[in-house]
Amino acid sequence: MNTVESTINMKNKTAQLFPLAVILLFFGFFFYYFFNLNRFHLLYLEQSQLFLFQDKYWANLLSKPAGVSHYLAAFVTQFFVSPLVAALVVTAIGVTLFALSYSLFSKFGFVAPIAALIWPLLHLAILNPVQNHIALSVGFMLSLLSVLLFFALKESRWQIWLAATGLPFLIFACGITGFLATIIMTGHYLIQRKFFPALVIITVSTLTPLLLAKFYYLYPLKSVYAAPFQFPVTTELLIAVIAGTLFFSIIIWASPFSSNYFSPTHPKRIIILNTIAFITLISVVAGIVRFRYDPKTEQILAIDHAAQEGNWSKVLTLSEKYPGNNRLVLYYTNMALYQTGQLGNRMFDFRQQGTQGLWLNWERDGVAPLFGAEIYYHLNYINEAYRWAFEAMMAKGPSPRLLKRLAVTSIITGDYQVADKYLNILDQTLFYDDWAKEKRKLTHSPELASNDVEIGQKRKMKIHHDFIAIENTKDIGLIPLLQSQPNNRMAFEYLMASFLLNKDLEHFTEYIGRLKDFGYREIPRHYEEALIAWMLTTKKEMTPEGYAIRQSTLDNFSRYYDLLKQNGRNPEKAKQMLANPFGNTFWYYLNFSNSSKN
């Protein structure tokens, strides 16, 4: 008898310890996933939204569908200022979702705690794409909390009263995620054949969004029903949320009938059930990592973050590791090449796509102006930097990154009252108020502003002539910018780069004589290559006075030209033959790139 009891006890311990070990391992992986694989995604989320400690901010969010969820999500997201804190906060939300789910399972005697990881799994999937917001996870958390409160009430009449009066507030607070509570409560009454309470719950839940859309929100019904989802909503995410909701609800509904079958007196059945849950968990996690994790986007955000910190060497290191071609990556790469003094020598080390890699096209989507404003700021094209940042704010809403840029550009141009307006907003944040106080010292003392290193340098190259800036053109106004700021080296190098990328050697040679104005000790390699091509074509000497083309470049061209002539009748073969030894030269780009004229 003792042996039998010992065996049962051992199996019971195994049934308890196995799921506990799985859960601990899962949340260990959860933390690692966000701390190491999605750290820049979380940092970008923090930089893309703004939480303010003011009544107006609270009232504004309450005027939007699922406003409470968005408010709580913004409050949480403001702490994503460091990868460690961000990963800890996201993991804590996952643990909370698990705790709420497991409490519900325990209430009904369901003995597979691994299955309670369903909401942390959805939390994992929701936070992968950049466009999705943590408000979904917050909404599910509020919904689970409401269901727990519902079942905590012992008397049916109080449950019905809570459902009828509480569901409208829940749906108002967290939008469509509140329908999780609706589904569970409705199923609970239908199983008991209590059709009237089920009808009340369905009616209240259906009418609430309709009434809110008609009398409260200034949003279309589609947006009210979809909140807090953000458009466009991917099919995969919708399927995952619907499947998770149904699966979780079925477990709740079935638990009263299965509790006897999976009682502690049958530990073997519990082990089998947890094993099935474990295999399902591994499959779902693998699916999320395979289909939802986007390493390329993470790399792009890492490059953007390095650029924001002014770590241009790291930008180049990350760019070299990026698989494939991406315009935003190339945009930051060329910026980093200039900042490290390598644009004229290494530009063709990277696969250029015409001038598309020098600046971004204007799009009214909030994203293009956000990233596109960077080049104008570094070019000292301050009014354009302000305009792009302002348009990004109009499209996407205020964020720390945009407000800081708007404040600094306003200080540079001497618009101190405008700068104070943006600094006043940052004053009401948790992590940027000190920065705002430091910058406000500059708005109250023009002399102090002029002595500031960054502000002073930008002011030295003030634009003295008015000209029209037209985005999406071949030079974005670089020629008039250089005429207004004759000492603007970046404008010069970007102008020369644009000539090379457009294969416009005629205009390139018009400006090559300005090398001495900017203190070049020797001709950059790509400039030498362009000069050789021009002189070969026109039979004219074009070497700038005081400079000479290096012998190594001349020897390199002789080898290139010999191979080109040998395969001249077979362009594809010539392209392949020359790619490896000469793919990083202007000559190769000139002959084999499809960009612009040849």
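Residues take their numbers from the sequence shown, with the count starting at 1.
Proximity of a side-chain donor or acceptor of Y331 to a complementary backbone N or O of F371 within less than 3.5 Å is detected. The closest donor-acceptor contact from the side chain of D504 to the backbone of L500 lies at 3.5 Å or more, if one exists at all. Judged purely by atom type and a 3.5 angstrom limit, S484 has no side-chain atom pairing as donor or acceptor with the backbone of P480.
Counting non-hydrogen atoms of other residues, nucleotides and ligands closer than 6.0 Å to CZ of R351 gives a total of 12 or fewer. Counting heavy atoms of neighbouring residues, nucleotides and ligands inside a 6.0 Å radius, atom CD of E545 does not exceed 12 of them. Counted within 6.0 Å of CZ on F518, heavy atoms from surrounding residues, nucleotides or ligands total more than 12; the atom is thus considered enclosed. Surrounding CD of E320 are more than 12 heavy atoms belonging to other residues, nucleotides or ligands, all under 6.0 Å away.
Rounding to the nearest 0.5 Å places CG of L52 at 9.5 Å from OH of Y71. Distance OH/Y422 to CD1/I425: 7.5 Å, rounded to 0.5 Å. To the nearest 0.5 Å, atom CG of residue N383 and atom CZ of residue F390 are 13.5 Å apart. Taken to the nearest 0.5 Å, the CG atom of L318 stands 11.5 Å off from the CD1 atom of I300. Of the inter-residue distances, the one linking T333 atom OG1 with I303 atom CD1 reads 6.0 Å to the nearest 0.5 angstrom. Here CD of E493 is found 15.5 Å from OH of Y511. Values are rounded to the nearest 0.5 Å.
Salt bridge annotation for E298-K321: absent, with no cationic side-chain nitrogen under 4.0 angstrom from a carboxylate oxygen. Checked for salt-bridge contact, E391 and R387 miss the test: no charged N lies under 4.0 Å from a carboxylate O. Comment: R514 engages D517 in a salt bridge, judged by a side-chain N to carboxylate O separation of less than 4.0 angstrom. Using a 4.0 Å cut-off between charged nitrogen and carboxylate oxygen, R525 and E529 count as a salt-bridge pair. In this structure, D433 does not pair ionically with R440, as no charged nitrogen and carboxylate oxygen lie closer than 4.0 Å.
In the model, Q352 has a side-chain atom that pairs as donor or acceptor with a side-chain atom of N334 under 3.5 Å. If you check the side chains of D304 and Y44, you find no donor sitting under 3.5 Å from an acceptor.
When all heavy atoms of Y376 and A385 are compared, the closest pair comes out as CB-N, 3.6 Å.
Taking the six-membered ring where the residue is Trp, F75 and F79 present perpendicular rings, their angle passing 60° and hence far from 30°. Between F348 and F586, the angle of the ring planes lies from 30° to 60°, which puts this pair in the tilted group. Ring geometry for Y527 versus Y520: interplanar angle of 30 to 60°, hence tilted. Between F53 and F51, the ring planes lie perpendicular to each other; the angle is over 60°, past the 30° to 60° tilted range.
Residues passing the side-chain hydrogen bond (donor to acceptor under 3.5 Å, both in side chains) test with T340 are Q342, sequence neighbours excluded.
Under the 6.0 Å cut-off for aromatic ring centres, H378 and W312 qualify, their centroids lying closer than that. Aromatic rings of F508 and F499 (six-membered ring for Trp) have centroids beyond the 6.0 Å cut-off, not under it.
Remark: R405 is positioned above the aromatic ring of Y377, its terminal NZ or CZ atom under 6.0 angstrom from the ring centre and at most 45 degrees off the axis. By the 6.0 Å and 45° rule, K404 stacks over the aromatic ring of W435. The side-chain tip of R489 does not point at the ring of Y494 from less than 6.0 angstrom away and within 45° of straight on. Seen from the ring of Y589, K503 counts as a face-on cation partner, given the 6.0 Å and 45° thresholds. Stacking of K565 on the aromatic ring of Y560 is not recorded, the 6.0 Å distance cut-off and the 45° axial limit not both being met.
Residues L536 and F557 meet the side-chain proximity criterion, which asks for heavy atoms closer than 4.5 Å.
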